[in-house]
Every structure is written in C-alpha cells, then in structure tokens.
2 protein chains.
Amino acid sequence: MDWSIPSNERRAWDRRVPYYLRIRDRFAALIEKGSLLPGTKLPPERELRDQFQITRVTARQALTQLEAEGLIFRENRRGWFVSPPRIQYDPTANVSFTESVLAQGRTPSATVLSTERMIASARESQFLDVEVGDPIFLIQRLRSIDGRAVLLEHLHVNAERCPGLLGLPLDRSLTELMSEHYGISEYRPHINMRPTALAEPQAQALGVSPGAPSLYLSRIIYDQFDSIIEFDQEFWRHDALEICINVHHHLSPVQAEGVNNSHDDMPETLR
Amino acid sequence: MDWSIPSNERRAWDRRVPYYLRIRDRFAALIEKGSLLPGTKLPPERELRDQFQITRVTARQALTQLEAEGLIFRENRRGWFVSPPRIQYDPTANVSFTESVLAQGRTPSATVLSTERMIASARESQFLDVEVGDPIFLIQRLRSIDGRAVLLEHLHVNAERCPGLLGLPLDRSLTELMSEHYGISEYRPHINMRPTALAEPQAQALGVSPGAPSLYLSRIIYDQFDSIIEFDQEFWRHDALEICINVHHHLSPVQAEGVNNSHDDMPETLR
DNA sequence: GAGTGGTCTAGACCACTTC
DNA sequence: AAGTGGTCTAGACCACTCC
C-alpha cells in the first residue's frame, strides 16, 4: 500500500508544515474517511520511515500525536492500531460498566487482578467513613471492551458492611453483589475526574506504555443510609471513552426519555 | 542549582529504569514536595542535557512525560514551567467560570477573540433548534486564570432569541447577559467530554504547542422553556482543571451543603 | 545577538513478540 | 531467528523570544 500524501489533501496553509503533522493529517484523513477501520494495524515504524522519507524519530512523533488525539493506540511492542469508537459513559448514572457497554452493542468483560483484606490507614479512613485500623477490602479489576483492556479499577470497600465479599464472584457487577447479598443500594454523588498520564504499574496492567495519556476518575459511593461504603479509583485509556452526562433535575420524565446525549456529529475541531 | 538524583530517592525496582523516567521522577518529587513552586521556570533543555549527561531528545522525553501528567507546562518557545493547581470545576452546576474561579481564590479573566453573525448550516441547525438559514451568533472567547490562558470557548447562540447580543460586553458572564437582557435563564442538562489533543488553531489561541493534550467539553444549553438556545464547545488545557461533579438527587439540602467534593488528598497513583 | 524551544537526521542497541 | 517497538546518542538548522 502506498501511504504517500495525495496533492489534493494538503493543507491550505501548507508550506512549512512540519513533516510529522503532514503524516498525522494523512492518517487522520484515512481514519475519518473510514478507509482505515478500527483495529487495523498500521505499518511498522521503519516502513513509514521509508515511505515518507523521514527518520524513525519523526515517524514516531506523528504516531504519538495521533495517539494523543485518540485516533490510534499502541500495544506494547506489538504495533500501532486504529482505535475503536469511544464508549459513551455516564459516571453519574447508576448504570454498571457491563450494562452500558452491552447497551452500545459491544462486549464487556472483567478480570480480577487481585483482592486483599487490609487495615485502613489514615488515608483510607478519610474516604471510607471508617476508623484507622478497621478492615477494608481492596479489589483490583481490569475491564475490557471487545477484548481490549480499557479500564483499571481500584475498589476500596468497607469490609464490615459486606463480610465475605471476597468469596463472591467479583468478575460480576459489584453493584449487583452489594444489592443481592447485603441489601445495599448504592448511589454515587461525588465524582472527580482529571486527565493525566499513566504511571508504570497502571500502564502495565492496561498493557500500554508508561506515560500513555489517561483519564483518572474517582468516586465516593454511598448506600441508602447515606453512609460511605466504597471508594473507587478508575484509570481509563483516554481514547476509550466519551463522558456523557445527563442532568435530569429540570427535565420532566417524558423529556428526559429518549434523549440522545451524544454530540458526536459536531466536529470537535475546526481544522 | 544541582538537579542530580540523590541516592535515597531512587526507585525500589531501580536498575534498568529508562533515563527519561528517572528525570521525570526527580522533578515530580521536587514538585510534590513543594520545592518547586507553581510558575517556576525549569532549566533550559540544554542545561538538563549537561546536568544529567543525556541527549536533548531524552531530556525532552522526560519533560513531555511530566507535561502529559499535568505537572509542568510549556509556553511556546519560552520554556517549561511548574503547573499551577488545577481549578475545580463542575460542568453540571449553573455556576459561571468567573464565579467558580473567584470562589477558589484565583483571578479569572476573559478575552473576546472574535464575534460573528452567521447563517446556520445543517450542522449547527441540528444542535440549536433552528432551521438551516436562521441566524446564529458565533463567539470565541479565551478564559484565563491568574493570567494563564486555560480555556478556549466557541459559543453558538440562537440569534433570534437575543437580538443585539454582540453589542453587549461579552467579556462578562454570558449567563448573566442572557438573564438580564433577555429574561432567559439557562440550564445545561447535556454535557459531553473527552480527552484529546489540540489542533493547530486551538493550540495557537491557547498559546501552547499543537498536539498538546487537552480536554474537550461540549454542552447544550436550554432556557426555562426547554428550548435550546446555545451550544458551547470548550477546549481546556488538560492540566488546568479537575472535574468535580455533585449529583444532588438523593441528598437532602442539608447534606448537600458544605460537601467538599475534592478527593485531592487521595494519591492518584500508587508508585 | 544570544538564548530557547521546535524540528529533524542517521544511525545504534535492547526487550519483547511472533513465527 | 526475524520483526517490532522502546530507548538513546550526537549532532544540525530554524523560528521565535528576550535583552
């Protein structure tokens, strides 16, 4: 395949556009046009180097740029691939990861990486309504969509409220387990999010290179008695999700229903 | 100043840690410890090269990593600086940028970059409850915190609902203008966010290098009659904000008050 | 004009994946 | 064993900022 840039696709303000941005543009156009489908493997960096007559450093700069935009991703030492569509996710809704992924016609899965019963330190007690020294559970799970790991979870649970939790099938929805086994109905009024980059251990778990861009999300979870029973930390692949929030307080139920909250069709940038 | 790495700050799993991560760690530690205050200029890349006995490419890799994490930022061709604290921002609250920045003891400002009266294309009509050909206003503003540009806004407004809007002082809160001059009270039930990277024009406006990581946020704004009057697109510097969402629906007013929604003290990563 | 970041070259060796 | 990405060297020239 010939990857070179057709003359009709050059930028209006061409001339003195850095090479790495030209290559970025080339692939961005192919991906947006649908010529490169999600999951497609890109050519090896050395092939790009030859095709475009640049050095590998420059080729990598273009690839890193596309990665930052979420158009492509890499699997450590395996290659570069076109990103699947983002999953739409509402962190304020009481809808589990599993449900919302299924609702969008994708296939979710969960792997329990580790479980641990530990004693709350000052740090955890602060977030969990427990005293220092009280028992808590720490559960680490990896969530995938269509076989691609997208989310690393660190769940901190008040152990006294759900004895025996670690013996239950933790690859299922935790919300369901809490409800079915302990009569706890969760809700999640406080959510924090910020863009960052992944440190070594999280990157490893998600199978990405350390320093890959990421969205960090934390959540304090209450039960029906307004007592904190869970504190979650989530590390998302930055290209895997689109946060869609519906605030219902002013909408009548009829209006709220059937609302499509994706602004997908609006171009994000005005290149 | 000597930037070299003291032996007691090496990682436990040292040995074969890439140079660029060691340098990252060095600066991350200094910043978290408070030895490097927000706004501090980092040494020139060439100085880092000499201090750490690496090449400039490797030095830049470390700096880019710190930038991705939000710890430092660059001003185009001026140098690298320690990032100020993130502003806490609730996109679901009807609180203006100005108000929320002031409430956190920082100084907000706004610059109008451009205003335009234009005719709705198919694209805009889809988001604004107007017909193709109806007039809309497009307003571009730059918002700053303590003199640092952090947010580029593209506001699309239904022009028929607020005639003469472009003649009003647009560096003020738009929500206030809508309320005071047109009797429109806004609310914003649909919000979309995703991490991306900035394209050339947006990067230029924010004074950052193209490709810098960013958070894109779009919003559909309704009036009190549930008709769409505004569609906003926001491009945030990724290191400038921390999204804090409070969902009130289950909380009694008493509980909702005084809730501190920052999970700040919880470490994001567990290096 | 000196200093600084932005871009780029032309190589190299290593670690890991794939076959 | 071959292929691929991950890391790194030792330079270079340019565009822009600061003085």
Side-chain angles (χ1 to χ4, degrees), chain A residues 11 13-25 27 40-68 72-82 149 197-200 203-204 206-213, chain B residues 11 13-25 27 40-68 72-82 149 197-200 203-204 206-213:
Chain A
R11 302 190 188 213
W13 47 285
D14 212 322
R15 143 186 344 237
R16 227 33 262 162
V17 175
Y19 289 158
Y20 80 94
L21 283 182
R22 299 188 203 188
I23 294 159
R24 185 226 86 95
D25 286 356
F27 280 99
T40 307
K41 188 176 186 307
L42 265 50
E45 295 173 0
R46 288 167 178 83
E47 196 174 312
L48 294 178
R49 175 195 62 192
D50 298 338
Q51 283 273 354
F52 289 100
Q53 310 238 46
I54 52 178
T55 50
R56 222 183 114 208
V57 176
T58 306
R60 278 174 71 79
Q61 204 177 351
L63 294 168
T64 305
Q65 171 68 24
L66 286 160
E67 180 193 40
I72 66 174
F73 68 99
R74 50 181 138 175
E75 291 187 11
N76 213 331
R77 290 172 212 273
R78 282 190 7 92
W80 299 84
F81 304 84
V82 177
L198 290 173
E200 174 72 28
Q204 183 120 32
L206 283 167
V208 304
S209 317
Chain B
R11 301 189 188 214
W13 46 285
D14 209 321
R15 144 186 344 234
R16 226 34 262 163
V17 176
Y19 290 159
Y20 80 94
L21 283 182
R22 297 188 205 191
I23 294 158
R24 186 225 85 96
D25 287 357
F27 281 98
T40 307
K41 188 174 186 306
L42 265 48
E45 294 173 359
R46 288 168 177 82
E47 196 173 312
L48 294 178
R49 175 196 60 192
D50 299 338
Q51 283 274 353
F52 289 101
Q53 309 238 44
I54 52 177
T55 50
R56 222 183 114 209
V57 176
T58 305
R60 278 175 71 79
Q61 204 176 352
L63 293 168
T64 305
Q65 171 68 24
L66 287 160
E67 180 192 40
I72 67 174
F73 69 100
R74 50 180 138 175
E75 291 187 12
N76 214 333
R77 289 172 212 274
R78 283 189 9 91
W80 299 83
F81 303 84
V82 177
L198 290 173
E200 176 72 28
Q204 184 121 33
L206 283 168
V208 304
S209 317

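Protein chains get the first letters and strands the later ones, always in sequence-line order, with residue 1 at the start of each.
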Q. Starting at CD of A:Q204 and ending at P of D:dG6, how long is that distance when rounded to a whole Å?
A. 14 Å
Q | Euclidean distance, atom CZ of residue A:R49 to atom P of C:dC8 [Å, nearest integer] | A | 16 Å
Q | Distance in angstrom units between A:W80 CH2 and D:dG5 P, rounded | A | 9 Å
Q) Between atom CZ in B:R74 and atom P in D:dC16, what is the gap in whole Å? A) 16 Å
Q.
Can you list everything that forms a side chain to side chain donor-acceptor pair (under 3.5 Å) with A:R46? Sequence neighbours excluded, please.
A. none
Q.
I'd like to check the side chain to side chain donor-acceptor pair (under 3.5 Å) partners of B:E75; sequence neighbours left out, ordered by chain and number.
A. B:R78
(Q) Measure CD/B:E75 against P/D:dT17 and give the value in whole Å, please. (A) 11 Å
Q.
Check this one for me: any side-chain N or O of B:R60 less than 4.0 Å away from OP1 or OP2 of C:dG5?
A. no
Q. Which value, rounded to the nearest 0.5 Å, describes the distance between B:L48 atom CG and B:W80 atom CH2?
A. 10.5 Å
Q: Take nucleotides 9-19 of chain C nucleotide by nucleotide from the 5' end and write B, S or -, depending on whether a protein heavy atom sits under 4.0 Å from the base, only from the sugar-phosphate, or from neither.
A: BB-B--BSSS-
Q) Does B:R56 have any side chain to side chain donor-acceptor pair (under 3.5 Å) partners at least two apart in sequence or in another chain, and if so, which? A) B:E45
Q) For A:T58, which residues count as a side chain to side chain contact (heavy atoms under 4.5 Å, CB included) partner, sequence neighbours excluded? A) A:Y19, A:Y20, A:I54, A:T55
Q | Rounded interatomic separation in angstrom, taking CD from A:Q61 and P from C:dG5 | A | 16 Å
Q | Counterpart residues, salt bridge (charged side-chain N to carboxylate O under 4.0 Å, His left out), relative to A:R74 (two or more places apart) | A | A:E67
Q.
Can you measure A:L42 atom CG to D:dG5 atom C1' for me and round it to whole angstrom units?
A. 13 Å
Q: Could you tell me the separation between the CZ atom of B:F52 and the P atom of D:dT7, rounded to a whole number of Å?
A: 18 Å
